[in-house]
Number of protein chains: 2
Amino acid sequence: MKNLTKRQEEILNLIKSHIQDLGFPPTRADIAKSLGFKSPNAAEQHLRAIEKKGFISILSGASRGIILNDTANDDIPIIGLVAAGGPILAEENIEKTIPRSNNLLSNEIDYYLRVKGDSMVDVGIFEEDLIGVSKTLNPKIGSIVVARINNEVTVKTLIEFNQNKVILRAENKNYSDIKINPSIDELVIEGSCVALLRESI
Amino acid sequence: MKNLTKRQEEILNLIKSHIQDLGFPPTRADIAKSLGFKSPNAAEQHLRAIEKKGFISILSGASRGIILNDTANDDIPIIGLVAAGGPILAEENIEKTIPRSNNLLSNEIDYYLRVKGDSMVDVGIFEEDLIGVSKTLNPKIGSIVVARINNEVTVKTLIEFNQNKVILRAENKNYSDIKINPSIDELVIEGSCVALLRESI
DNA sequence: ATTAGTACTGTAATTATATACAGTATATAG
DNA sequence: CTATATACTGTATATAATTACAGTACTAAT
């Protein structure tokens, strides 16, 4: 997507604030009036240019038919089953997304991961719960982390983390600790768990 | 604000989803076409009625000049400690509020209640968790409810609910069932638990 | 009994809007 | 030197859209 000129950006911002204020886009005449053009055609031509650069779509024949092509992908993805092999945030794993502005929990959250299995029930994390994961937050000993062991993604408590020994604990008496030697098995700590959501109790 | 009729609500929803989908409100003709009216005037008159009831404003002369009067500006309160005696939603119990538009869970939620104690740990509800409570949802046997027993507010599973015998269960082996005779003890089911939030795991 | 509200059809006029066409001027890239 | 892009004025027109007016029919309230 090419860069907008100063004037074009001015017009795009005008469209955005018009939508913000009134709830619908401006007409060509509105734009012309706001920016002091004496011809609505000036606005028309700017719109065409902005459309050509991909920032908006114009519906022909529809009044105020300007659609913002929001590039700003600040949605938080909800990850369902993670397909083995690929990255967690791969397209195919995304169940749906929610706008970040609707997120009332920590804004450190990079994605929500739907919990599979009962290995964390003793700390109140149940199957189908959504855990909020921060990729950047440094995983601390004793915190709950999202780990990938040999391409298998799992949620566990981090008990020990050394060069040649990592221990992950399932918070369920029926499971035993997972001991990993990172020089033998591939281990990636994908992130830390910072929140939890449960729908339809 | 008066209530909308079924048809009027249908039209309001149509406007909302049109805005959601395209970014601007529909025209009278759009509405007529969507709902099968043969005259755009049918839409016009509905819009006037909806405006009269306060749900929208219509800008005269402007195409698509329909402004949603955000009624949904009621914030969802987060209830901390419930002071004995008063209603749950009393001012002094409100820890803070969050805009309903930011709520990504069920929109049946009337308030969030901060959980005190460990009586529900076996179903993954921990101290300091926030449970989303619906006042209107009919409490079902087996569901988790917010109950008030002699002015004490508690969260428990509803096991039995008869005229002279109500059983509430703590989901924690260390607690025993609470048996109540509603003709002796004052019992109010305040709502049903429909969601759960946990911050800072 | 009558008024007000709901729920439409049908027609038509006015105005709002998109959009084509014809220009002018400046800047930049090949 | 010649396209191509930017940045406009000015005019005109087809059509999109609002909106008034005249009806019909049913329901609920005063």
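Throughout, a chain's letter reflects where its sequence line sits, starting with A, and its residues are numbered from 1.
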Does B:Gln20 CD have over 12 foreign heavy atoms under 6.0 Å away? no
Basic-acidic side-chain contact under 4.0 Å: A:Glu108, A:Lys135: no
For B:Ile76 and B:Tyr111, the nearest pair of non-hydrogen atoms, with its separation, is CG2-CA, 3.7 Å
If I take atom CD in residue B:Gln8 and atom C1' in nucleotide C:dT6, what distance separates them, rounded to the nearest angstrom? 7 Å
Specify the separation, in whole Å, of atom CG of A:Leu47 and atom P of C:dT19. 10 Å
Expressed as a whole number of angstroms, how long is the span from B:Asp30:CG to D:dT18:C1'? 13 Å
From the candidates D:dA5, C:dA18, D:dT18, the one with an atom nearest any side-chain atom of A:Lys52 is D:dA5
Indicate whether OP1 or OP2 belonging to D:dT6 is found under 4.0 Å from a side-chain N or O atom of A:Lys53. yes
Side chain of A:Arg48 only, heavy atoms from C-beta on: which candidate in D:dT6, D:dT19, C:dT19 is closest? C:dT19
Report yes if a side-chain nitrogen or oxygen of A:Arg28 is closer than 4.0 Å to either non-bridging phosphate oxygen (OP1 or OP2) of C:dA18; otherwise report no. yes
Spell out, as yes or no, whether a donor-acceptor pair under 3.5 Å connects the side chain of B:Ser143 to the backbone of B:Pro139. no
Please confirm whether the shortest side-chain N or O distance from B:Arg64 to OP1 or OP2 of D:dA17 is below 4.0 Å. yes
Which of D:dT19, D:dA7, C:dA18 is nearest the side chain of A:Arg7? It is D:dA7
Just to be sure I understand the rule, does A:Ala42 reach a base, reach only the sugar-phosphate, or reach nothing, if contact means heavy atoms closer than 4.0 Å? base
Is it true that A:Glu152 and A:Arg148 make a salt bridge, defined as a side-chain N closer than 4.0 Å to a carboxylate O? no
Side chains of B:Asn150 and B:Asp185 only: does a donor on one sit below 3.5 Å from an acceptor on the other? yes
Quick check on C:dT11: is either OP1 or OP2 less than 4.0 Å from any side-chain nitrogen or oxygen of B:Ser39? no
Can you tell me the distance, in whole Å, between the CZ atom of B:Phe24 and the P atom of C:dA18? 10 Å
Can you say whether a donor on the side chain of B:Asn41 sits under 3.5 Å from an acceptor on the base of C:dT11, or the other way round? no
Return the angle between end axes of the helix from C:dA1-D:dT30 to C:dG30-D:dC1, with five pairs used per end and rounding to 10°. 30°
Please report, rounded to the nearest Å, how far the P atom of D:dC8 is from the CD1 atom of A:Ile50. 11 Å
Phosphate contact (C:dA16 OP1 or OP2) by A:Thr27 side-chain N/O below 4.0 Å: no
Test side chain to side chain contact (heavy atoms under 4.5 Å, CB included) applied to A:Ile144 and A:Glu171, A:Met120, A:Lys156, the passing residue: A:Met120
Side chain of B:Phe37 only, please: which of C:dA7, D:dA7, C:dT9 is the nearest? C:dT9
Does OP1 or OP2 of C:dT6 have a side-chain N or O of B:Gln45 closer than 4.0 Å? no
What integer distance in Å separates B:Asn3:CG from C:dT6:P? 11 Å
Is the phosphate of D:dT6 approached by A:His46 (side-chain N or O, under 4.0 Å from OP1 or OP2)? no
In whole Å, what is the span from the NE2 atom of A:His18 to the P atom of C:dT17? 9 Å
Salt bridge present between A:Arg114 and A:Glu95 (N-O < 4.0 angstrom): yes
Can you check the A:Ile31 CD1 to C:dT17 P distance for me, whole Å? 12 Å
Is any side-chain N or O of B:Ser63 closer than 4.0 Å to OP1 or OP2 of C:dT15? no
